[in-house]
Number of protein chains: 2
Amino acid sequence: MSDLLERLRRRGWRMTAQRRVVAEVLDGEHVHLTADEVLARAAARLPEISRATVYNALGELVLLGEVREVATDGRAKRYDPNAHRSHHHLVCSDCGTIRDVHPGGDPLADLPASERFGFTVSGAELTYRGRCPDCAART
Amino acid sequence: MSDLLERLRRRGWRMTAQRRVVAEVLDGEHVHLTADEVLARAAARLPEISRATVYNALGELVLLGEVREVATDGRAKRYDPNAHRSHHHLVCSDCGTIRDVHPGGDPLADLPASERFGFTVSGAELTYRGRCPDCAART
DNA sequence: TCCTACGATGGACGAATTCCAAGTCAATAC
DNA sequence: GTATTGACTTGGAATTCGTCCATCGTAGGA
């Protein structure tokens, strides 16, 4: 679908079998996987891939700005392949599922200079919390 | 200053020496401490207090809504005693320092029903990221 | 094809947090 | 004041998530 692989190659990202598989996993699934889930899916295609390699690759994709890291509470970080369109997240407080949302409004514009305490503000993350329909049904 | 202890007692929170010390630490400092920092300050008054006890007490204070848990990336969670006045956070991406901020706007109102995916949305957290003056000066 | 720097490996390590079984104690009842 | 009891505390083990490191392998240029 997307040209993630192609983009990476153009940017000079050294392409190995392992890195390709990690990128393909992220590219294929438009959900928010944990590092462990990425490892599991990658290992399905390339059984000898190592956990450290997956962490390395994910870390570089984050640095390259191709993937966003989403920290939710005490749980494992999740990796969001949809780094290009600006969006925020809706997290289920029971199961940790994440959905992308596009609220109106501009959080950055809502923070006046008097509330910035001399910080150089570079961005804002908005996280909505709630229970997903599945968890609500399971009551 | 505050009546945190009094409130807790009224709510039937069983008061032990350990719990009192943890509550006093949070009540005294209006900063955002990690569990370890709470332990250190508590141990200064009650040397034999155990780490597990601090975690237990913090967990209950969070459940009671007296303290907010603030997860910042891969670092240790921080505990915010200012749970009663609604506010958001400005985090230094270098040193992890947190400041309370009060932006205008209402994130919840900005999320239309069509973007809620059947979730029961209970709240929104807004986290601004940037560099604090100290870290910027240190360049 | 050959080189070589960069990537992969996996096991050890580390930080933060939770779990557990046994001992202790605050609050209530008498 | 004493007895009672269920809730709280303890500390060490266990878990979870992630990083480090020395060694081995290989992608991609010459």
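We use all heavy atoms of the structure for the numbers below, so side chains are in, but hydrogens, waters and symmetry mates are not. The sequence lines fix the lettering, A, B, ..., with proteins before strands; numbering per chain opens at 1.
- Residue B/Arg129 places its CZ atom among more than 12 non-hydrogen atoms of other residues, nucleotides or ligands, all under 6.0 Å distant.
- Side chain of B/Tyr128 to main chain of A/Pro107: a donor-acceptor pair is present (N/O by atom type, distance under 3.5 Å, no hydrogens or angles).
- Across all strands shown, A/Thr16 has heavy atoms under 4.0 Å from sugar-phosphate atoms exclusively, and none from any base.
- Of all nucleotides listed (D/dT10, D/dG6, C/dA8), D/dT10 comes nearest to the side chain of B/Asn56.
- Two residues, B/Arg51 and A/Arg51, neighbour DNA chain D, and the one matched to the more 5' nucleotide by heavy-atom proximity is B/Arg51.
- Closest to the A/Arg14 side chain, of the nucleotides D/dA27, C/dG11, C/dC19, is D/dA27.
- To the nearest angstrom, C1' of C/dG10 lies 13 Å from CD of A/Gln18.
- Spacing between atom CD1 of B/Ile49 and atom P of C/dC25 amounts to 14 Å, rounded to whole angstrom units.
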Would you please test B/Leu26 and B/Asp80 for side chain to side chain contact (heavy atoms under 4.5 Å, CB included) and show each step? CA-CA 8 Å; B/Leu26 289 170; B/Asp80 180 350; over 6 Å; no

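- Projected onto DNA chain C by closest heavy-atom contact, B/Arg75 and B/Ala17 fall at different nucleotides, the more 5' of which corresponds to B/Arg75.
- Distance from the side chain of B/Ala52 is smallest for D/dG12 among the nucleotides D/dG12, C/dT17, C/dG10.
- Between A/Leu58 atom CG and D/dC17 atom P there is a gap of 14 Å when expressed in whole angstrom units.
- The distance between atom CH2 of B/Trp13 and atom C1' of D/dT9, rounded to the nearest whole Å, is 13 Å.
- Side-chain N/O atoms of B/Asp100 and B/His32 include a donor and acceptor closer than 3.5 Å.
- Distance CD (A/Glu48) to P (D/dC24): 18 Å, rounded to an integer number of Å.
- Going from atom CE of B/Met15 over to atom P of D/dC8 covers 11 Å, rounded to whole Å.
- If you check D/dT10, C/dT17, C/dT9 against the side chain of B/Ala76, the one that comes closest is C/dT17.
- Aromatic ring orientation, B/His87 versus B/His102: tilted (interplanar angle from 30° to 60°).
- The separation between B/Tyr55 atom OH and D/dT15 atom C1' is 13 Å, rounded to whole Å.
- Residue A/Lys77 has its side chain nearest to D/dG18 when only D/dG18, D/dG11, C/dT17 are considered.
- With hydrogens and angles ignored, a donor-acceptor pair under 3.5 angstrom links the side chain of A/Ser50 to the base of C/dG10.
- Put simply, CZ on B/Arg9 is 12 Å from P on C/dA26, counting in whole angstrom units.
- For B/Arg19 and C/dA26, the shortest distance from a side-chain N or O to OP1 or OP2 is not below 4.0 Å.
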